[in-house]
Each structure stands twice: as structure tokens, then as C-alpha cells.
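Here's the structure we're looking at; comments come further down.
Per chain, numbering begins at 1; letters A, B, ... match sequence-line order.
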Protein chains: 2
Amino acid sequence: MAISRKTKTVKMILDLFGETNNAISIVDLVSIFRNKMNKTTVYRILNRLEESGILHSFSDKDGLKRYAKGNQKTDPDNKNDLHSHFLCDDCGVSTCLPLEIPIPTIPDYKINTSQHLLIGQCDNCHN
Amino acid sequence: MAISRKTKTVKMILDLFGETNNAISIVDLVSIFRNKMNKTTVYRILNRLEESGILHSFSDKDGLKRYAKGNQKTDPDNKNDLHSHFLCDDCGVSTCLPLEIPIPTIPDYKINTSQHLLIGQCDNCHN
DNA sequence: AATCTTAATGCTACTTAGTTGCATTAAGAT
DNA sequence: ATCTTAATGCAACTAAGTAGCATTAAGATT
């Protein structure tokens with residue numbers, strides 16, 4: 001079920017993602033909005049925003065789901081929006097990287113999509 | 001704490017990974033051995049086998065931790081064993097792929113390791 | 001602008017992944 | 001055979017994520 005109503009809670013979440021290109025974990029989002037909305041609501045809004053192509057998600061190193069702005073579709077018809085993500089081991093910040101992920105060919109296999117996570121130190125923590 | 005004793009339970013898990021190159025989720029492993037050992041024991045043995053470099057792990061699409069044979073170290077000194085993993089959307093099987101992951105350079109960032117998961121249909125499910 | 005429909009929310013209770021503490025067991029060294 | 005302590009089992013816990021259901025509020029309709 002995609003987004004069909006711009007509720008106050010949806011606006012709050014959209015505003016947050018309007019301000020940052022970072023990939024934010026659900027746990028953090030639930031915490032950020034703990035006084036504003038129920039955690040179930042956070043989960044449901046994120047689901048709908050992802051179905052609508054407004055956000056995309058991936059699992060980070062620890063298996064935590066993270067959401068970030070934009071689409072990540074791989075329809076054969078559509079343009080490939082697949083890109084890499086970065087996760088800082090020190091401060092935990094995660095970002096989308098403008099690195100397109102090439103999809104390799106493997107005999108007898110069909111590859112539909114992929115996830116690529118680079119792990120290390122971000123500019124802030126490295127210097 | 002690495003492996004120091006070859007207990008019956010450790011042997012059972014080593015035997016299983018001796019037979020397959022697949023990456024198996026902890027949930028499946030707990031289920032496979034539910035009559036043979038406690039789930040806490042499964043978790044602890046997997047931890048130790050990973051620390052010993054006998055197994056390596058990664059998070060799959062759903063954030064589930066999976067384990068497979070072999071090392072995945074990236075010490076600057078050691079040889080880079082980083083490789084891609086594959087996950088079949090249909091049957092759920094997961095394998096290590098002999099695709100080395102190139103580590104890109106990003107200005108001001110330091111990349112230590114990476115995870116690359118290809119998702120699609122395996123040879124069995126595709127044909 | 002009052003009414004109506006139903007998408008969306010809040011709340012409670014639940015499921016499942018993963019962890020911790022502690023008493024007991026059993027590798028394997030002495 | 002004995003001893004040390006790594007490893008296990010068990011129970012109780014934490015945390016991520018989901019489901020059911022009554023209530024609320026977008027926003028369409030009149």
C-alpha cells in the first residue's frame with residue numbers, strides 16, 4: 001500500500017529526509033520521533049515511502065535496516081539507480097555514494113539487484 | 001575467544017560446513033541442530049569459528065546473519081579475501097561467489113572492508 | 001462547511017533474533 | 001586419575017519488527 005495521504009507524521013519524516021542524504025536506521029528514526037509518533041507508525045510510514053519510491057532501504061553490517069532518500073529500482077525498463085552505501089565504523093553515519101554498482105553476469109544465474117556496503121572511516125572521523 | 005576445544009557440537013557444525021559452500025543463516029543452523037544442541041551454543045560456536053577465521057559471516061537482504069566457510073579478512077598485510085555473495089530470491093540459497101570486490105578510493109574516506117550481495121535466481125530456480 | 005469514507009494512527013500484545021548470567025559438564029593438559 | 005577451565009544448557013532477558021483492532025483525521029463528495 002503506497003502513500004496516499006500527507007498526514008502530519010508523514011510530513012515530519014519527509015522533512016527529516018529532506019534535510020539529509022544520510023541513511024538512517026529505523027531504530028534511530030523511532031528514537032528521533034519517540035515523542036511525536038508511535039514506533040509502529042514509523043515502520044509503516046517507511047514501508048509506504050519505500051513502496052512509493054521516495055525512500056530506499058538496505059541492511060547495514062549489523063543487519064539493521066536503514067532508509068535514505070531516493071529510489072533504488074532495477075526494473076529492466078527503468079534506469080538503474082543502484083548505488084553503493086557507506087557506513088562509518090567510528091561514528092555510525094551512513095551515506096549514499098555516487099558509485100554505480102555494475103551487475104556482473106554469472107552463467108545460469110539471473111541477477112536482479114544487488115547491495116554494496118563500504119565500511120570504514122568517514123571524512124570527519126578519518127582526519 | 002577463539003576455538004580451543006573440539007567438542008562434539010563444534011565437530012557437528014564443522015562437518016556441516018565441510019559438506020557445503022553455501023552461506024547458511026543462523027536461524028537455519030539453530031533449526032538444523034535443534035535436537036543436538038542449544039541455540040545459545042550455536043551462536044557461540046559460530047562466533048568462535050568466525051574469530052578463528054574458519055567461517056565468515058555477512059548480513060543478507062533481510063538483515064539475517066549468514067555464515068559460510070573460509071576467511072574474509074582484510075588486513076593490509078594479508079591477502080584480500082573479500083568476495084561477493086549471492087542470494088536466491090526464490091529458494092533462499094546463498095553462496096560465496098569467486099568475484100573479488102574491488103575497493104574504491106573516496107577522497108577523505110578510508111575504506112576498510114565491504115559487503116557485496118547479489119540477489120536474483122540461482123541456476124536451479126532460473127532454468 | 002457539514003458529512004462521509006477509509007487510509008492512517010495509537011496502543012497493546014505478540015513473535016523472533018540475539019544476548020547474559022550462572023550452574024554444570026567435559027575436553028584435554030598435568 | 002585428577003584438575004583446570006573452556007564449553008554447554010537452561011532460563012530469563014533485550015531489542016527488532018509485526019499483527020489486530022478500535023479510534024482518528026485526510027481529503028473527497030455533496
Side-chain angles (χ1 to χ4, degrees), chain A residues 1-17 22-68 85 87 92 94 115 117, chain B residues 1-17 22-68 85 87 92 94 115 117:
Chain A
M1 190 202 308
I3 282 282
S4 66
R5 291 183 185 175
K6 286 222 171 171
T7 62
K8 288 171 193 169
T9 45
V10 168
K11 279 177 200 156
M12 279 190 257
I13 289 186
L14 284 176
D15 282 352
L16 176 63
F17 281 103
N22 287 352
I24 311 175
S25 75
I26 304 195
V27 176
D28 286 345
L29 288 164
V30 168
S31 168
I32 289 168
F33 292 112
R34 69 186 166 287
N35 299 318
K36 303 288 182 183
M37 69 189 85
N38 194 273
K39 80 165 173 174
T40 315
T41 304
V42 177
Y43 277 92
R44 288 193 279 223
I45 291 177
L46 293 171
N47 263 331
R48 279 181 273 140
L49 290 174
E50 182 168 25
E51 278 182 53
S52 305
I54 297 167
L55 299 180
H56 66 281
S57 73
F58 61 95
S59 291
D60 76 10
K61 192 185 49 159
D62 301 316
L64 280 187
K65 207 170 183 183
R66 286 179 180 261
Y67 282 89
H85 294 103
L87 174 66
S94 180
Q115 296 193 348
L117 182 64
Chain B
M1 191 200 309
I3 284 283
S4 65
R5 290 183 186 176
K6 287 222 171 170
T7 62
K8 287 171 192 168
T9 46
V10 168
K11 278 177 201 156
M12 279 190 255
I13 290 185
L14 284 176
D15 281 353
L16 176 63
F17 281 103
N22 287 353
I24 311 174
S25 75
I26 304 193
V27 176
D28 286 345
L29 288 163
V30 167
S31 168
I32 290 167
F33 293 112
R34 67 186 168 289
N35 299 318
K36 303 286 182 183
M37 68 189 86
N38 194 272
K39 77 165 174 172
T40 313
T41 303
V42 177
Y43 277 92
R44 289 193 277 223
I45 290 177
L46 292 171
N47 264 330
R48 280 181 274 140
L49 289 175
E50 183 169 24
E51 278 181 56
S52 305
I54 297 166
L55 299 180
H56 66 280
S57 73
F58 61 94
S59 291
D60 77 10
K61 191 185 50 157
D62 302 316
L64 281 186
K65 207 169 184 183
R66 285 178 181 263
Y67 281 88
H85 294 103
L87 174 67
S94 180
Q115 298 194 346
L117 182 65

Pull out every residue in residues 5-13 of chain B that has a heavy atom closer than 4.0 Å to any atom of DNA chain D, ordered by number, or say none.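 Residues of residues 5-13 of chain B that come under 4.0 Å of DNA chain D are, in numerical order, B:Arg5, B:Thr7, B:Thr9, B:Val10.
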
Ignoring backbone atoms, establish whether B:Ser4 has a side-chain N or O less than 4.0 Å from OP1 or OP2 of C:dA27.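 Negative; the distance criterion is not met.
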
Is B:Arg48 near enough to D:dT8 that one of its side-chain N or O atoms lies under 4.0 angstrom from OP1 or OP2?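 Answer is yes, contact under 4.0 Å.
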
Applying side chain to side chain donor-acceptor pair (under 3.5 Å), name anything that partners [X], two or more places apart in sequence or on another chain.
{"X": "A:Asp62", "value": "none"}
{"X": "A:Ser59", "value": "none"}
{"X": "B:Arg34", "value": "B:Ser31"}
{"X": "A:Asn22", "value": "none"}

Taking [atom1] from [X] and [atom2] from [N], how many angstroms apart are they, rounded to a whole number?
{"X": "A:Tyr67", "N": "D:dA16", "atom1": "OH", "atom2": "P", "result": "15 Å"}
{"X": "A:Ile45", "N": "D:dA25", "atom1": "CD1", "atom2": "C1'", "result": "13 Å"}
{"X": "B:Asn35", "N": "D:dG9", "atom1": "CG", "atom2": "C1'", "result": "15 Å"}
{"X": "B:Asp60", "N": "C:dA17", "atom1": "CG", "atom2": "C1'", "result": "13 Å"}
{"X": "B:Glu51", "N": "D:dA7", "atom1": "CD", "atom2": "C1'", "result": "14 Å"}
{"X": "A:Leu46", "N": "D:dA16", "atom1": "CG", "atom2": "C1'", "result": "13 Å"}
{"X": "A:Leu29", "N": "D:dG17", "atom1": "CG", "atom2": "P", "result": "11 Å"}
{"X": "A:Asn38", "N": "C:dA13", "atom1": "CG", "atom2": "P", "result": "13 Å"}

What's the shortest heavy-atom distance between A:Lys61 and A:Leu117, and which atoms? N-CD2, 3.4 Å

Which heavy-atom pair separates A:Ser52 from A:Ala2 by the least distance, and what is that distance? OG-CB, 3.5 Å

Could you encode protein contacts along nucleotides 18-23 of chain C as a string, one character per nucleotide from 5' to 3', using B for base contact, S for sugar-phosphate-only contact and - for no contact, with a heavy-atom cut-off of under 4.0 Å? BBBB--

For A:Lys36, salt bridge (charged side-chain N to carboxylate O under 4.0 Å, His left out) partners two or more places apart: none

Enumerate donor-acceptor pairs with a distance under 3.5 Å from any side-chain N or O in residues 37-45 of chain A to protein atoms, sequence neighbours excluded.
from    : atom 1 : to      : atom 2 : distance (Å)
A:Asn38 : OD1    : A:Thr40 : N      : 2.9
A:Asn38 : OD1    : A:Thr40 : OG1    : 2.9

Where are the stems of DNA chain C, defined as at least 3 consecutive Watson-Crick or wobble G-U pairs with both distances under 3.5 Å?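 Output for stems: C:1-30 with D:1-30.
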
Please tabulate, for side-chain N and O atoms in residues 8-16 of chain A, each donor-acceptor pair with protein atoms closer than 3.5 Å (sequence neighbours left out).
from   : atom 1 : to     : atom 2 : distance (Å)
A:Thr9 : OG1    : A:Thr7 : OG1    : 3.0

Taking ring pair (Phe, Tyr, Trp, His ring centres under 6.0 Å) as the definition, give me every residue that meets it alongside B:Phe58, ordered by chain and number, with sequence neighbours left out.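 Listed in chain order: B:His85.
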
Please name all residues satisfying side chain to side chain contact (heavy atoms under 4.5 Å, CB included) with B:Ser57, sequence neighbours left out, ordered by chain then number. B:Glu50, B:Lys65, B:Tyr67

